[in-house]
Amino acid sequence: MQGNMEMIKAILAGGKKVVALTGAGISAESGVPTFRGREGLWKNHHAEDLARPDAFEAKPELVWEFYNWRRDLVKKCEPNPAHLALVELELQLPNFLLITQNVDGLHAKAGSRKLLEMHGSLWRLKCTTCTHAREDFSELPELPECPVCGHLLRPGVVWFGEPLVPGVLKLAISQIAAADVFLSIGTSNMVQPAASFYQLAKDHGAVTVEINLEPTPNTGFMDFALHGKAADILPKLVTGLSE
Ligand code: OAD
């Protein structure tokens, strides 16, 4: 079954536990390029070719240049109505969790607090050698160094080929398995494990809803799908929910 806004609203309002998963599409209206769209290239490099440990090992200057460019770009971006609608959903629903694949920090900037940033954050730095880690919004040198041990710092994000931060996947799985409603928003569903979360939710009896600009490989398996801009759809979905 596909889009029926009123029916989805009723299901959301009645859902005891709602989990939302977001991807790059939710930040598109804020001006953050998606990974697999036409804007997903930087200096002719695919993000997937730079967001990986072997790329950082071989060319740390290039990878840091890419991340410093992304930090500069995202710093100028503001949350859009889709981010704000999810804050509203968190406030309206007693049991809500937002899981994001995004590293742009825009959900936190919008005010989401029940938030799991499963791929880390552009604003987090961690040492390649010691346990030093910190949040840092400042402009960084080309190759930032650890203030504790002097070794190279790296972005505090999960790269391709790396495991998720311990505990994060476990928490996501337990929350999704307990959900009554699962929302998949602005993600191409191309990257695991997030791409399979809908299946886990479905297996445990949740109603699944996709909100995306266009159909994804998962669309046919969802109970509902609404296609269009998240910044247009989500505010409508959330308005009047508690009435
Ligand atoms: P993608 O770039 O793969 O997909 C973005 C999705 O958002 C696409 O399906 C678009 O159709 C959709 N979209 C674009 N604009 C939209 C809008 N205004 N409203 C709603 N949807 C819109 O990004 P992700 O699925 O987030 O991983 O990618 C998943 C992961 O792969 C990322 O977290 C990153 C990436 O490479 C790591 O870095 C580990």
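We count ligands from 1, going down the list as the structure has it; atoms in each ligand are counted the same way. Bear in mind that the values here come from a model prediction, so they are computed numbers and not experimental data.
The shortest N/O to N/O separation between T216 and ligand 1 does not fall below 3.5 Å. Any N or O atom pair closer than 3.5 Å counts here, and F160 shares no such pair with ligand 1. Geometrically, ligand 1 and A230 share a nitrogen or oxygen pair separated by less than 3.5 Å. Between M190 and ligand 1, a contact under 3.5 Å exists for no N or O pair. Checked by distance only, ligand 1 and E29 come closer than 3.5 Å through their nitrogen or oxygen atoms. For the pair W159 and ligand 1, the shortest N or O to N or O distance does not fall below 3.5 Å.
Proximity of a side-chain donor or acceptor of T239 to a complementary backbone N or O of P235 within less than 3.5 Å is detected. Side-chain atoms of E162 come within 3.5 Å of backbone N or O of W159 as a donor-acceptor pair.
Annotation for F221: atom CZ does not count as buried by contact number, only 12 or fewer foreign heavy atoms lying within 6.0 Å.
Of the options V18, V87, L12, V238, a side-chain contact (heavy atoms from CB on, under 4.5 Å) to Q92 is made by V238 and by none of the others.
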Query raised in the report: Does the side chain to side chain donor-acceptor pair (under 3.5 Å) test come out yes or no for H107 and T22, once each step is laid out?
Result: CA-CA 10 Å; H107 283 305; T22 61; 2.9 Å; yes
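Every atom of ligand 1 is numbered from 1 in the order shown, and the set under 4.0 Å from a heavy atom of G186 is 5 (C), 6 (C), 7 (O), 21 (N). Per-residue contacts place A24 under 4.0 angstrom from the following atoms of ligand 1 (heavy atoms of the residue considered): 23 (O), 24 (P), 26 (O). Every atom of ligand 1 with a heavy atom of G228 under 4.0 Å away is listed here by number and element: 19 (N), 20 (C). Annotation for ligand 1: atoms under 4.0 Å from non-hydrogen atoms of G23 are 26 (O).
Both L73 and V157 are part of a single hydrophobic cluster, where members link through side-chain heavy atoms under 4.5 Å apart.
Using a 4.0 Å cut-off between a side-chain N of Lys or Arg and a carboxylate O of Asp or Glu, K109 and D104 do not qualify as a salt bridge. Between R113 and E90 there is no salt bridge, since no side-chain nitrogen of the basic residue lies less than 4.0 Å from a carboxylate oxygen of the acidic one.
Ligand 1 is approached by H119 to a heavy-atom distance shorter than 4.0 Å.
When the heavy-atom distances from atom 22 (C) of ligand 1 to T219, D232, L21, L213 are ranked, the shortest goes to L213.
Using a 4.0 Å cut-off between heavy atoms, I211 makes no contact with ligand 1 at all.
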